[in-house]
Amino acid sequence: MTPALDLLKKVRAEHRIHSYEHDPKAASYGLEAAEKLNLNPKQVFKTLLAATEKGELLVAVVPVVGTLDLKALAQAAGAKKCEMADPAAAQRSTGYLVGGISPLGQKKRLRTFIDQSSQAFETIHVSAGRRGLEVELAAGVLAEHTQGQFADIGRE
């Protein structure tokens with residue numbers, strides 16, 4: 001179990017766990033998950049960490065087939081600008097390894113922004129806290145248990 005799955009179990013949130021054999025040579029963890037689990041890549045979301053100009057870490061959840069729009073994230077967060085967070089800082093703050101960072105069950109609660117495209121699907125897939133482990137849940141459930149806000153932060 002991971003902290004993400006422990007949290008979902010504890011609050012009795014509806015979810016399904018999917019696992020696959022992770023290939024350390026995979027170029028993209030999210031696209032690897034979509035391919036190996038035979039999922040629509042638009043329904044598979046990656047968890048990225050960004051830092052504001054004041055050093056606040058933010059969690060951004062965007063489709064694996066796109067990119068994070070840092071300007072849009074900054075605007076959603078009320079910041080002047082954002083840049084991708086240092087991977088070591090991301091790992092320290094979340095308690096997860098890069099490539100397996102889940103938006104759920106992080107060591108330190110960070111403000112979370114979920115791309116609004118997630119609301120178009122009945123369920124989405126996010127990392128369950130380890131490479132090769134995904135959790136399927138409704139975007140609303142993810143937002144509820146991360147205190148996340150929906151925002152237009154992803155770009156194709």
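Side-chain atoms are counted along with the backbone in the values below, which use heavy atoms only and exclude waters and symmetry mates. Since the structure is predicted, the reported quantities are computational estimates derived from the model, not experimental observations.
Nearest heavy-atom pair across P63 and K46 is O-CE, 3.6 Å. Listed here is the closest heavy atom pair of S117 and D115: OG-OD2, 2.5 Å.
More than 12 heavy atoms of other shown residues, nucleotides or ligands fall within 6.0 angstrom of atom NZ in K36. Around atom NZ of K71, no more than 12 heavy atoms belonging to other residues, nucleotides or ligands sit under 6.0 Å away.
Distance check, rounded to the nearest 0.5 Å: OH of Y29 to CG of D23 gives 10.0 Å. Atom OG1 in T146 sits 10.5 Å away from atom CZ in F113 (nearest 0.5 Å). Interatomic distance, CG of L70 versus CG of L48, reported as 9.0 Å (0.5 Å rounding). Rounded to the nearest 0.5 angstrom, E136 CD and L39 CG are separated by 7.5 Å. Atom CG of L97 and atom CD1 of I101 lie 8.0 Å apart (nearest 0.5 Å). I153 CD1 to Q75 CD: the interatomic distance, rounded to the nearest 0.5 Å, is 12.0 Å.
With hydrogens and angles ignored, the 3.5 Å screen pairs a side-chain donor or acceptor of S102 with a backbone N or O of S127.
With a 4.5 Å cut-off on side-chain heavy atoms, H15 and V141 do not count as touching. P103 is listed as a side-chain neighbour of L142, based on a closest heavy-atom distance under 4.5 Å. No side-chain heavy atom of H22 sits less than 4.5 Å from a side-chain heavy atom of L133.
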What's the verdict on side chain to side chain contact (heavy atoms under 4.5 Å, CB included) for V44 and I124, showing C-alpha distance, side-chain angles and the deciding distance? CA-CA 6 Å; V44 179; I124 61 169; over 6 Å; no
Might you work through the side chain to side chain contact (heavy atoms under 4.5 Å, CB included) test for Y20 and E35, ending with a clear yes or no? CA-CA 10 Å; Y20 60 93; E35 188 178 302; over 6 Å; no
With side chain to side chain contact (heavy atoms under 4.5 Å, CB included) as the criterion, how do V126 and V135 come out once you've worked through the C-alpha distance, each side chain's angles and the decisive distance to 0.1 Å? CA-CA 6 Å; V126 296; V135 63; 3.6 Å; yes
May I have the step-by-step check of side chain to side chain contact (heavy atoms under 4.5 Å, CB included) for T123 and R16, ending in yes or no? CA-CA 10 Å; T123 60; R16 293 209 335 251; over 6 Å; no
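Between F45 and F121, the two ring planes are perpendicular [angle over 60°; tilted spans 30° to 60°].
L73 and L110 fall into different hydrophobic clusters, where Ile, Leu, Val, Met, Phe, Trp and Tyr are joined by side-chain heavy atoms under 4.5 Å apart, directly or via other members. Residues V64 and V61 do not share a hydrophobic cluster, clusters being chains of Ile/Leu/Val/Met/Phe/Trp/Tyr side chains in contact below 4.5 Å. Clustering ILVMFWY residues whenever any of their side-chain heavy atoms sit less than 4.5 angstrom apart, transitively, puts V65 in the very cluster that holds L37.
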Only distances under 3.5 Å count here; give the side-chain donor-acceptor pairs of residues 77-95 to other protein atoms, sequence neighbours excluded, each with its distance to 0.1 Å.
unit_1: D86; atom_1: OD2; unit_2: A88; atom_2: N; d: 3.3
unit_1: D86; atom_1: OD2; unit_2: A89; atom_2: N; d: 3.2
unit_1: Q91; atom_1: OE1; unit_2: V98; atom_2: N; d: 2.9
unit_1: T94; atom_1: OG1; unit_2: A90; atom_2: O; d: 2.8
unit_1: T94; atom_1: OG1; unit_2: Y96; atom_2: N; d: 3.1

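Partner of V62 under the side chain to side chain contact (heavy atoms under 4.5 Å, CB included) criterion, chosen from I114, T47, L68: L68.
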